[in-house]
Structures are given as C-alpha cells and as structure tokens.
K.L.:
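Can you read through this structure? Questions will come right after.
Residue numbers start at 1 and run along the sequence shown. Whatever order the structure lists ligands and atoms in, that order sets their numbers, starting from 1.
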Amino acid sequence: MHRVLVTGGSGFLGSHLCERLLENGDEVICLDNFFTGRRKNVEHLVGNRRFELVRHDVVEPILLEVDRIYNLACPASPVHYQYNAVKTVKTSVMGAINMLGLAKRVKARILQASTSEVYGDPERHPQSESYWGHVNPIGPRSCYDEGKRVAETLFMDYHRQNAVDIRIARIFNTYGPRMHPSDGRVVSNFIVQALRGEDITLHGDGSQTRSFCYVDDLVTGLMALMEVEGPDAHLPVNLGNPVESTILEIAQAVLALTGSSSRIVLEPLPVDDPHRRCPDMARAQRLLGWSAQVAWADGLKRTADWFRRETILE
Ligand code: NAD
Ligand code: UDP
C-alpha cells in the first residue's frame, strides 16, 4: 500500500489513475486547480476514506507526506494549453520544480507525465526514446512541448544531483471516457460532432497520422512504470499503442460507428501540426513487459457510448 499524490488528478487521465490506485488499495491525494479537470470526474471517489481531494495550483509549493507522486498537472489539448501559454510553461516548469522538491524532501518516488510532443514534428519514424526530437522553440505549440522538455531536464537533473527516484512516461495520444467534450482533441471532437450531427472538422487533408491508446491500457502502463525497478528505470519510456492511423481514417471510423449523417469539412492544418507520430515500443516491452491490449474498434465504441450518455445530456 502506498500513499500516492496525483497532481492533475481530476482530469481525464488523472481521474482514471486515481480510480485504479484506490482499487489497488492505495491511499490517494488528488490535487487539482480545476482548470481543465472537473469535480464530477472524481465525485464518485469522494466517499472513499482512502481518497482526498485538494484544490491547489502546482505553480505554488506544497508539503504532503506521500511516497509516490504522479505529476500529471498540465492542460493537454492544444486549445487549452494555448489559452494561456505563459501559464502552461509555468505549470510544467514550476510544477516540476515544486513536485521534485517535495519528492526530494519526503523521499517519494516521482513520475512525470511527459509526452510524445517532446519529439515535435518528428523526422524519424517510429519514434524511439533515443531520438532528440524536432521541436519549434517559438511556435504556438512550444509552451507545451518545450515546457515538457524542460520538465524532463529537471527530472534528470534532480536524479543526477539529488538522487531523486524518478520515472518519465512519454505518453502518446490517449482517448477514452471523461475526455473534456470541448477540449478540441480529435477523438472527442469527432465523436461529439458526429453525435450532434455537426460537421466533422478535418484539419488539412487528414493524411497526418497519430497512434491512439485506450485510457485503461495507458493507466496500466503508468502504474507498471511507477513500480518498475532496475538500472534503466529512470530513463524516459514511451507509453502508447503503436497502431498508426490517419486522421481521415479516424473521422471515417467515428462516422461508421455512430451512423451519423455529419459531413466531413476540411479546415486548415494548424501551425506545426506533426505529420506522423507512432511510438517505438521496444523499451516499454523490455522494461515493463507492457503493451496496449484494447483494440481501436472496442475502445472507440466504449468512448462513444460514454459520450452518448454524458455529453448529449449537457
Ligand atoms: P486534462 O487536461 O484532462 O488533465 C490535466 C489536469 O491538470 C486537469 O485536471 C487540470 O485541471 C490540472 N491542472 C492544469 N494545470 C494545473 C495547475 N497549474 N495546478 C494543478 N492542476 C492543474 O489532460 P489529460 O489528458 O488528463 O493529461 C494529463 C497529463 O498527461 C498531462 O500532463 C498531459 O500533458 C499528459 N499527456 C496526456 C496525453 C493524452 O493524450 N491524454 C498525451 C501526452 C501527455
Ligand atoms: N484534428 C482534426 N480535427 C479536429 C481536431 C484535431 O483534424 O477537430 C487533427 C489535428 O490537427 C491533429 C490530429 O487531429 O493533426 C490530432 O489532434 P489532437 O489535438 O487530438 O492531438 P495532437 O495534435 O496534440 O497530437
């Protein structure tokens, strides 16, 4: 049993993680400033005596007695992280410094939710952890990409300088129930548009690719990474599903599943939108013995069912 802090715990990934940690028998402190997270994502956990909800911004320091920290606090969708770009950098950088300082002080193991965005618009395919990336330092995505890159730097420096016990997960596109219906990420956007009979907004010609992982798989991977031991455990690890699809294929799959009569309309490709993205999963396989299990068709159906129940009613 661990005493676990989950920053960003009332967001999409964080709420699923809190749930699974409680199922595991852990004590969970969910910390959030509710920028993109919602109380209703965790309200079903509030009655559990091993669960605590704390309103706090990771830009400010905090002292809590814990032995595991999952640092997830950061808006993840382009619409939200570009809403206040300076705040996004502060959340990644100051948040990492504050949580690493806490980990050092209370001798907790700490995991950073990093991202495939550290590879930018990649020139190598698929992306392995040894690739340093191709990131624009001054574009509209930089606040997120560079913020996460500095956070990785801080994690490695606290590890080298202060022997902090770190884990770094480079998370690839993840989807599932509890994505914010208006956060603009592609799977949630297309499902909501299809269910409402609105136009499906396809950016560019839809030939750009992503590799989508179902949230339950991702959470299993995060928990496995947190508990793995060994000389390479502090190195960044890709977590994702290596099945690659074009965004046009995603739009077509959503239309077929929902039976929607929505039209696909083309919109300009956003600046610096990566052309291809797919994780090399060799390190995760070797270190964790983990790979994604949920097939796209199954995950998409579960996600659309949830949106049908939740979103349309709002
Ligand atoms: P999300 O926006 O649903 O969750 C982020 C949570 O962090 C929200 O609850 C939000 O309120 C909270 N938060 C934001 N700024 C904060 C601050 N300053 N102090 C305290 N809390 C703050 O996003 P998500 O998809 O659940 O992503 C969780 C983490 O995983 C993020 O760090 C994100 O960068 C990373 N990640 C997610 C994906 C993905 O596909 N979902 C991919 C790569 C990386
Ligand atoms: N996208 C799209 N229509 C939308 C939202 C997103 O075509 O309504 C595209 C987007 O331009 C990108 C891909 O889908 O090429 C994935 O976008 P998302 O924001 O979900 O993730 P990220 O770009 O951060 O990987």
K.L.:
Return the closest protein heavy atom for atom 11 (O) of ligand 1 as residue, atom name and distance.
P.N.:
Asp32 OD1, 2.5 Å
K.L.:
Between Lys148 and ligand 1, does any nitrogen or oxygen pair lie at a separation below 3.5 Å?
P.N.:
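Yes.
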K.L.:
With a 4.0 Å cut-off on heavy atoms, is Glu267 in contact with ligand 2?
P.N.:
no
K.L.:
Side chain or backbone of Asn173 under 4.0 Å from ligand 2, or both, or neither, by non-hydrogen atoms?
P.N.:
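Answer for Asn173: side chain.
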K.L.:
Report yes or no: is the cationic atom of Arg210 (NZ for Lys, CZ for Arg) under 6.0 Å from the centre of the six-membered ring of Phe172, at an angle within 45° of the ring normal?
P.N.:
no
K.L.:
Side chain, backbone, both or neither: which applies to Thr201 and ligand 2 if a contact is any heavy-atom pair less than 4.0 Å apart?
P.N.:
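For Thr201, the contact with ligand 2 is made by both the backbone and the side chain.
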K.L.:
Could you see if Tyr175 belongs to whatever hydrophobic cluster contains Val79? Use Ile, Leu, Val, Met, Phe, Trp, Tyr and a side-chain cutoff under 4.5 Å.
P.N.:
no
K.L.:
Can you tell which part of Gln208 has a heavy atom less than 4.0 Å from ligand 2: side chain, backbone, both or neither?
P.N.:
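For Gln208, only side-chain atoms sit under 4.0 Å from ligand 2.
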K.L.:
Please state whether Arg38 comes within less than 4.0 angstrom of ligand 1, counting heavy atoms only.
P.N.:
no
K.L.:
Could you check which of Arg277, His203, Gln193, Arg141 puts a non-hydrogen atom nearest to atom 25 (O) of ligand 2?
P.N.:
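Result: the heavy atom closest to atom 25 (O) of ligand 2 is in Arg277.
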K.L.:
Testing the basics here: between Tyr144 and Pro75, what is the closest heavy-atom pair and its distance to 0.1 Å?
P.N.:
CE1-O, 3.3 Å
K.L.:
Backbone, side chain, both or neither: what part of Pro274 comes under 4.0 angstrom of ligand 2, heavy atoms only?
P.N.:
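It is neither part, as no heavy atom is under 4.0 Å.
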K.L.:
Give yes or no for whether the N/O distance cutoff of 3.5 Å, strictly under, is met between Tyr144 and ligand 1.
P.N.:
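Yes.
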K.L.:
Which of these, Val186, Thr209, Val265, has its nearest heavy atom closest to atom 20 (O) of ligand 2?
P.N.:
Val186
K.L.:
May I ask whether Ser77 places a heavy atom under 4.0 Å from ligand 2?
P.N.:
no
K.L.:
Have a look at Asp165 and tell me which of Arg109, Arg68, Lys107 forms a salt bridge (Lys or Arg N to Asp or Glu O under 4.0 Å) with it.
P.N.:
Arg109
K.L.:
Around atom 10 (C) of ligand 2, find the nearest protein heavy atom and jot down its residue, atom name and distance.
P.N.:
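Here the closest protein heavy atom is Asp273 OD2, 3.4 Å.
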